[in-house]
J.: 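Before I ask anything, let me first share the structure, which is written out below as structure tokens.
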2 protein chains.
Amino acid sequence: MTERRSTWQKAAVKDALTKADVFISAQDLHKHLSGENQKVGLTTVYRALAELADTGEADSLTTADGEMRYRVCHSPQHHHHLSCRNCGKAVEVKFAATEGWAERLASEHGFSDVTHSIEIFGVCAACAEN
Amino acid sequence: MTERRSTWQKAAVKDALTKADVFISAQDLHKHLSGENQKVGLTTVYRALAELADTGEADSLTTADGEMRYRVCHSPQHHHHLSCRNCGKAVEVKFAATEGWAERLASEHGFSDVTHSIEIFGVCAACAEN
DNA sequence: TTAGGTGCAAAACCTTTGCACACAG
DNA sequence: CTGTGTGCAAAGGTTTTGCACCTAA
């Protein structure tokens with residue numbers, strides 16, 4: 001079976017992700033770790049983030065330029081994000097009205113196995129000041 | 001000034017994109033063109049697609065695996081897509097209810113310069129049969 | 001004529017994989 | 001012990017850039 005082991009590397013990645021508390025890329029998170037004597041390999045960061053996203057402990061999104069970013073998930077419920085394009089700060093948003101809508105609309109058009117992605121990007125107040 | 005010239009290459013790209021009428025990647029579109037004696041460089045396809053997206057003649061989206069896909073825009077109005085994850089076929093969807101919502105929500109949280117992306121992916125009826 | 005366009009090769013990036021070694025359980 | 005995890009280097013993909021040549025206007 002696929003047994004799941006806990007290592008200090010995974011803990012370090014999760015910890016760094018939690019402290020960052022913004023949508024951040026694997027590359028950037030790796031730099032953060034490197035800057036703190038946390039010598040974790042980039043490959044491991046990628047694998048750890050994938051695992052966190054897989055278990056629902058982290059949310060992930062793909063930016064317009066094709067980069068994946070992760071952030072610790074604050075609630076187990078389905079939600080979307082309003083995130084800062086500059087610093088990655090994000091607010092979790094629930095939007096009940098659309099949840100059923102997407103599936104309904106899709107089936108009306110004969111589509112199955114539906115998933116939807118709603119992302120809102122902007123510049124947060126703090127970043128706007130600069 | 002930035003004058004904009006029309007070339008047969010750009011026309012070929014736009015034509016191929018129009019005929020495809022699905023969300024397609026630059027790479028794939030380039031293959032289509034190559035298969036039809038339309039020897040257009042890959043670089044040019046990228047540049048032509050970027051220009052079409054820029055002028056609003058094409059819609060673009062980034063797939064989960066970080067690949068950009070384009071499709072001819074069928075209506076100048078703001079809209080979203082319900083697209084097939086397999087063949088790229090897409091239906092344009094207008095969802096008036098969300099249009100104001102995103103901006104309103106964003107400003108409530110102090111975000112400015114807001115943009116939103118709503119993409120719905122599924123498997124169309126035709127692809128589901130296989 | 002002349003500034004924008006083209007296309008090849010090379011570079012830049014992000015992400016994944018192969019593999020030998022380390023280590024959690 | 002044993003199989004998962006790690007990390008380096010290399011590979012894989014997409015997209016961009018440098019540059020010399022081409023061409024629309």
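Order of the sequence lines fixes the chain letters, A, B, ..., with proteins taken first and strands second; residue numbering starts at 1 for each chain.
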J.: So, does A/Thr62 use its side chain to make a donor-acceptor pair with the main chain of A/Gly66 at under 3.5 Å?
T.: no
J.: Atom CD of B/Glu67 to atom P of C/dC14: distance rounded to whole Å?
T.: 18 Å
J.: In whole Å, I'd like the distance from the NE2 atom of B/His30 to the P atom of C/dC8.
T.: 8 Å
J.: Where do N or O atoms of nucleotides 23-25 of chain D meet protein N or O atoms at under 3.5 Å, pair by pair?
T.:
residue : atom : partner : partner atom : Å
D/dT23  : O2   : B/Arg5  : NH1          : 3.4
D/dA24  : N3   : B/Arg5  : NH1          : 3.2
D/dA25  : OP1  : B/Ser6  : OG           : 3.0

J.: So, A/Asp113 and B/Arg85, do they make that salt bridge, N to O below 4.0 Å?
T.: yes
J.: I would like to know whether B/His116 and B/His80 meet side-chain contact (heavy atoms from CB on, under 4.5 Å); could you show each step before the answer?
T.: CA-CA 10 Å; B/His116 64 271; B/His80 298 290; 3.2 Å; yes
J.: Would you please indicate if the ring centroids of A/Phe121 and A/His81 are separated by under 6.0 Å?
T.: no
J.: Return the value, rounded to whole Å, for the distance between atom CE of A/Met68 and atom P of C/dC14.
T.: 13 Å
J.: What contact category does B/Gln27 fall into here, base, sugar-phosphate, or nothing, at under 4.0 angstrom with non-hydrogen atoms?
T.: base
J.: Measure CD/B/Glu51 against P/C/dG4 and give the value in whole Å, please.
T.: 13 Å
J.: Quick check: on DNA chain D, is the nucleotide nearest A/Gly41 upstream (toward 5') of the one nearest B/Tyr46, or the reverse? Name the residue that is more 5'.
T.: A/Gly41
J.: Okay, side chain of A/Arg69, backbone of A/Thr63: is any donor-acceptor separation there less than 3.5 Å?
T.: no
J.: Between C/dC14 atom P and A/Arg69 atom CZ, what is the distance in whole Å?
T.: 11 Å
J.: Let's test your reading of the model: under 3.5 Å, does the base of C/dG4 pair with the side chain of B/Arg47 as donor and acceptor?
T.: no
J.: Rounded off to whole Å, could you give me the CG-to-P distance for the B/Leu42 and C/dG5 pair?
T.: 18 Å
J.: Nearest whole angstrom, please: distance from the C1' of C/dT15 to the CG of A/Asp28.
T.: 14 Å
J.: Rounded to whole Å, please give me the gap between CG in A/Leu33 and C1' in D/dT6.
T.: 14 Å
J.: Distance alone, cut at 3.5 Å: any donor-acceptor contact between the side chains of B/His79 and B/Glu92?
T.: yes
J.: Is there side-chain contact between A/Val93 and B/Trp101, with heavy atoms separated by less than 4.5 Å?
T.: yes
J.: Between B/Gln9 and D/dC22, is there a side-chain N or O to OP1/OP2 distance below 4.0 Å?
T.: no
